[in-house]
Structure formats: structure tokens, C-alpha cells
2 protein chains.
Amino acid sequence: LFKRVIECVPNFSEGTNEQTVFAIRDAISSVEGVKFVDLLYEADYNRSVMTFIGPPAAVLEAVLAGAAMAIEKINMEKHKGQHPRIGAVDVVPFVPIQNVTMQDCIDLSIRFGEALAERHQVPIYFYEETAAYLHPDRPERRDIDYHRRNGEYEGLKREMANPDRKPDRGPQRVHPTAGATLTGARELMVGVNINLSTPDLRIAKQIAKRIRQKTGGLANVKAMGTKLEDRGITQIGISNVNFRKTPIYRQIELTRVEAWRYGVSIVGTEIIGVLPLDAILDSAEYYMQFENMDRNRILEMHYLE
Amino acid sequence: LFKRVIECVPNFSEGTNEQTVFAIRDAISSVEGVKFVDLLYEADYNRSVMTFIGPPAAVLEAVLAGAAMAIEKINMEKHKGQHPRIGAVDVVPFVPIQNVTMQDCIDLSIRFGEALAERHQVPIYFYEETAAYLHPDRPERRDIDYHRRNGEYEGLKREMANPDRKPDRGPQRVHPTAGATLTGARELMVGVNINLSTPDLRIAKQIAKRIRQKTGGLANVKAMGTKLEDRGITQIGISNVNFRKTPIYRQIELTRVEAWRYGVSIVGTEIIGVLPLDAILDSAEYYMQFENMDRNRILEMHYLE
């Protein structure tokens with residue numbers, strides 16, 4: 001039972017070699033005081049996403065242990081994968097969950113960046129809330145995609161000479177095997193994949209375009225279409241930075257509406273990693289038409305807390 | 001944080017006089033070690049339903065304190081209400097929640113019945129699992145309705161002379177103001193009201209008939225139609241003794257199907273009291289089409305337990 005809870009969701013550039021993935025996971029989970037919650041790794045992306053929680057000090061120690069293992073094992077010069085990335089320890093977000101503020105997470109991300117730069121000579125970029133805090137005049141640095149533009153890892157060797165792309169901490173050159181690292185504090189993100197009955201990637205991409213905020217869809221939502229080769233279907237991958245304002249059911253039902261245009265239906269959905277109970281309750285309330293739903297209606301809330 | 005958890009849901013024959021309702025509630029909730037979870041009282045039924053949880057010894061002490069208050073304040077000779085009842089402390093079910101067995105709840109219900117009979121000279125009937133345990137040869141005594149038949153409270157004065165209706169504990173006569181009490185151990189019950197767009201009670205009753213097990217509807221389900229005078233609509237009240245086998249969504253969707261026949265729609269639903277998290281998750285899984293839902297996908301499950 002933790003009093004103060006931060007969620008950390010590091011993304012590492014390894015999704016093929018299980019030995020490396022498990023070594024990183026074990027380095028994280030062996031730190032006393034953290035709870036390892038979820039591991040996701042995928043060969044097409046060649047990337048792993050690990051979710052763990054704990055109080056600030058333990059989370060910092062654990063993510064530094066995982067990062068050290070990743071830097072030891074991963075060689076970016078040999079890395080290939082569908083997902084954009086700039087380094088072995090690619091992105092490290094810190095998320096406030098319980099009895100911690102966003103500022104606590106900003107501070108922790110800065111401490112993490114400084115420790116990583118010092119111990120491993122990896123250049124550090126801050127994004128999201130940490131970038132907003134350190135560079136109030138440069139809103140573009142909040143955006144994760146800004147730090148990946150013009151060729152991601154391979155392009156960064158050249159781009160780093162550009163004064164706009166100067167790292168926030170550490171050396172002013174890309175680490176020869178580990179590249180660079182993005183870190184920062186952010187709001188909790190809810191990820192859901194929506195599986196479609198069609199194998200046609202063009203249709204999935206058309207639907208994703210109509211779902212995402214940038215092209216006229218739902219606020220707070222990013223979406224992309226991908227193919228699931230194994231199952232012969234396609235998928236809309238959706239990430240949501242404000243599940244309270246834009247609940248999951250709205251993503252699902254808008255996807256259904258847009259898919260209808262092509263005679264396509266939703267065959268299933270998947271939760272990516274973990275999500276907060278309220279994200280489920282908000283949508284359960286919609287579908288089940290509850291007039292009196294709140295957490296106190298759930299028996300466990302009365303004896304778990 | 002409780003290690004062993006029993007839920008107790010006593011029903012008292014008072015839903016009009018708030019002073020009495022609150023006095024009973026306070027008697028229960030002032031007992032150290034129990035957590036009062038929900039209070040529901042209703043004038044048409046003239047009945048209150050209280051839900052509280054705790055470890056066995058504290059639950060027993062609390063329900064005896066509430067029962068003493070109810071016996072002091074309620075006079076069944078003056079009681080009128082739509083809901084069938086046999087006494088002031090009408091029904092007292094004990095439900096195993098965590099680290100307790102059904103047998104623990106059976107034993108507790110027997111201790112409760114014996115203490116109530118001894119302290120207040122109220123005759124006690126056992127129902128549900130306690131009746132099945134004590135009277136394996138008399139399955140009809142499990143059924144709550146069996147103990148209410150032939151005139152409920154008013155009829156019981158006469159019925160008690162019938163050897164089949166002999167109380168399990170206590171005096172062989174109805175208490176002059178408190179009547180008699182039903183108690184027993186049972187499985188957790190999930191109650192949901194489904195509000196319909198029609199004011200026509202005949203339609204609500206027709207739909208209820210098609211939902212309940214007894215008349216060809218869903219297994220594990222009881223249902224009855226009632227009118228909500230205030231809102232000018234009707235309601236199907238549903239109680240479910242096995243939410244795992246017969247999930248909530250199936251009740252809602254079958255109600256929708258049956259209501260369609262009359263051009264009636266569902267305008268909302270209400271949770272009665274509290275329900276277990278899995279009852280929500282099972283239905284959320286259906287509506288949101290999750291392929292990978294389990295409790296570990298919920299962040300709070302990793303730090304609340």
C-alpha cells in the first residue's frame with residue numbers, strides 16, 4: 001500500500017530480443033518499493049513499454065536501473081522498427097497518480113535526466129510538462145513529435161547542431177550506441193486499440209484520420225491505423241490525454257460511426273497497459289445508463305482504501 | 001483496511017420517519033470496526049435497507065445494536081407499506097465478501113438469531129443458505145417468500161400455529177410490536193432498477209414478467225414492475241443472485257428488447273445499494289468489447305490492495 005504514487009512508463013527500443021526486454025524489466029522490478037504493473041513488447045515496432053508505480057524515490061532508482069541495462073544491451077546503430085525513436089531509453093514519462101503534484105513529477109524527470117546524462121553521457125531532451133516549465137517561451141518543445149522530426153535517431157546526429165535542437169542536459173552529441181533520451185512529466189494517458197473487421201489498411205487510416213484531434217476528430221485524442229498481419233485485420237491505436245473530458249466510449253462509438261461508412265464493424269478492443277478505474281466507470285455509466293454511478297457504489301472501494 | 005469482510009444488509013420496516021431510520025443507522029455505524037456503506041429508505045415501501053461491512057464479530061455487534069433500536073422504535077401494529085414484511089427487523093442477510101466462507105456467514109446468522117431471540121423475545125426464521133444447512137429436507141424454507149406467505153406480518157399471528165411455520169429460534173408467538181425476523185446467509189445480490197419511458201404500469205409488469213426466471217426470463221433474476229409517481233414513469237426492479245453467470249448487461253439488453261415490443265425505451269438505470277467491481281467490469285467488457293480486460297488492467301488494483 002503506497003501513500004504517494006507516481007506512474008512511470010519508460011519506452012525502450014527493443015521489442016525483438018526477449019532476453020534484453022526481460023533483463024530491463026528485472027532491473028526495474030528488483031528495486032524495493034516499486035510495483036511492476038505491465039510489460040508490452042512488439043516485434044514490428046521493435047519496442048517495449050513498461051509500466052510500474054511507486055513512491056518518487058523508488059521510481060527514480062528503478063527507472064535508472066532499467067535505463068542502465070538498456071544502454072548496456074541496446075545498440076541503436078543496429079535498431080530497426082516501425083515506431084519513431086531517438087534512443088535506447090527512448091521516452092521516460094512520469095505521471096502523478098496519488099498524493100503527488102505535477103510539479104513533483106517535473107522535478108523527478110529533471111533529476112532523472114541529469115542522473116542519466118551524468119552516469120551514461122546520454123543527451124537529454126525534456127518534453128510535455130517539464131518542457132513547458134523550463135521553456136515557457138518554446139511551446140513546440142512540449143510535443144514529443146517535435147523531438148523526433150527530421151529523421152529521428154538517424155537524423156538527430158545532424159540535427160543536434162541546430163541551436164533549436166540543443167539538448168537540455170548532457171553532452172551535445174548523440175551517444176554512439178544509446179542515442180538520446182526524452183523525459184518529462186505528463187498527465188495520465190489512456191490507450192485503447194480498436195480492432196476493425198477489415199484487412200484494408202487504407203480504410204483503417206481513413207477512420208483514424210477522422211478520429212484524431214489534428215484532422216477534425218475528437219479533442220485530446222491521437223489515432224493511427226495499423227495492420228495486424230496475424231489476424232488479417234486492421235486496428236486503430238488511440239491514445240487519450242484527458243479521459244475525463246473525452247471518455248473511452250466516445251472514441252469507440254465515433255469509430256463505429258466512421259467505420260459504418262465502409263461497412264466495417266468493431267470486432268474487439270484492447271486496453272494498452274493499464275488505465276484508471278474512473279476511465280472504465282465513466283464509460284460503464286454511459287453504456288449502462290446509470291443515473292447514480294459513483295465510486296461509493298462499488299463495494300471494494302469501502303475496504304480497499 | 002479489513003482482512004475478513006462480511007456484508008450485512010438488514011431491512012427494517014421503517015421508511016417514513018427519518019428520525020427512526022437515522023437512529024437505527026447511527027446505532028449500526030457507531031460500532032467500532034464496521035463501515036457503513038449505504039442507506040436507502042422509501043416512503044411507498046415504508047422500508048429502509050442498510051448496507052455495512054466489517055469483520056464477523058463487529059458486524060454481529062453492529063446489527064444487534066441496529067436491531068435493538070428498530071425494536072424499540074417500530075410498532076408493526078401501525079405499519080403500512082407496499083413491500084411484504086413480517087417484522088420490524090424484517091430480514092437480515094449475511095454475505096461472504098473476503099476471506100470468509102459461506103459457512104462462517106451461516107454460523108453468524110445463527111448466532112445473530114439466537115441473540116435477538118434471547119434479548120428481545122422475537123421469533124426467528126432462517127432462510128437461504130442457513131435454512132438449507134439446518135433443514136436439508138425442507139428446501140422451501142430457503143425461499144424468503146415462503147416465510148411471507150398467507151398474510152405476511154398480519155397473517156403470521158395465525159400461521160405460526162401451523163407446525164410447518166414454527167420459528168427456528170425464540171418464542172412460538174409473534175412479538176406484539178416487532179413481529180418476527182428472517183435471517184440467513186446468502187450469496188451477494190446485485191440490484192439494478194431499469195427506468196422505462198412509459199407511465200403505464202401494465203407495460204412495466206409485462207416486461208418484468210418476461211425478464212424474471214420464474215416466468216421464462218433470465219436465470220438467477222427476480223424482477224417486478226413499479227410506478228415512479230414523481231417522475232411519471234415506471235421501473236423494473238431487478239435483483240440478481242449470480243451476477244457472474246447472468247451479468248447486468250444481459251438484464252439491461254433483454255429489458256430493451258422486451259420494451260421495444262411496446263415502443264418503450266430505457267431512460268436510465270440505478271444501482272441499488274452497492275455492487276462488486278466485477279459486476280461493472282463484466283458488463284464494461286461486453287459493451288466496450290474488451291479482448292483483454294482483467295482487474296490487473298486497472299491501475300488502482302496495483303496500489304489499493
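Chain letters run A, B, ... following the sequence lines, proteins first, then strands; residues in each count from 1. Keep in mind it's a predicted model, so treat the numbers as computed, not measured.
- Taking every heavy atom of both residues into account, Ile53(A) and His302(B) meet most closely at CD1-CB, 3.7 Å.
- Atoms CG and OG1, from Leu299(B) and Thr51(A) in turn, are 9.0 Å apart once rounded to the nearest 0.5 Å.
- A heavy-atom distance below 4.5 Å is not found between the side chains of Tyr303(A) and Lys35(B).
- Ranking Leu281(A), Ile252(A), Asn296(A), Ile271(A) against chain B, the residue ahead of the rest is Ile271(A), based on heavy-atom pairs under 4.5 Å.
- Heavy-atom distances place no part of Asn193(B) under 4.5 Å from chain A, backbone and side chain included.
- Looking at Glu285(A), there are no atoms closer than 4.5 Å to chain B (heavy atoms on both sides), in backbone or side chain.
- For the residue pair Ile280(A) and Met293(B), the shortest heavy atom distance occurs at CD1-CE, 3.4 Å.
- Heavy atoms of Glu253(B) lying under 4.5 Å from chain A are absent altogether.
- Scanning residues 37-45 of chain B against chain A with a 4.5 Å heavy-atom cutoff picks out Val37(B), Asp38(B), ordered by number.
- In this structure, Met288(B) and Ile248(A) have side chains that are in contact, with non-hydrogen atoms separated by less than 4.5 Å.
- Checking side-chain atoms of Asn292(A) against main-chain N and O of Glu270(B) turns up no donor-acceptor pair under 3.5 Å.
- The structure places OH of Tyr249(B) at 15.0 Å from OH of Tyr287(A), a figure rounded to the nearest 0.5 Å.
- The shortest heavy-atom contact between Ile266(A) and Gln289(B) is O-NE2, 2.9 Å.
- Residues Arg297(B) and Ile272(A) come closest through the heavy atom pair NH1-C, 4.5 Å.
- Contact annotation for Ile194(B): neither backbone nor side-chain heavy atoms come within less than 4.5 Å of a heavy atom of chain A.
- At a threshold of 4.5 Å between non-hydrogen side-chain atoms, the residues Ile298(B) and Val274(A) do not count as touching.
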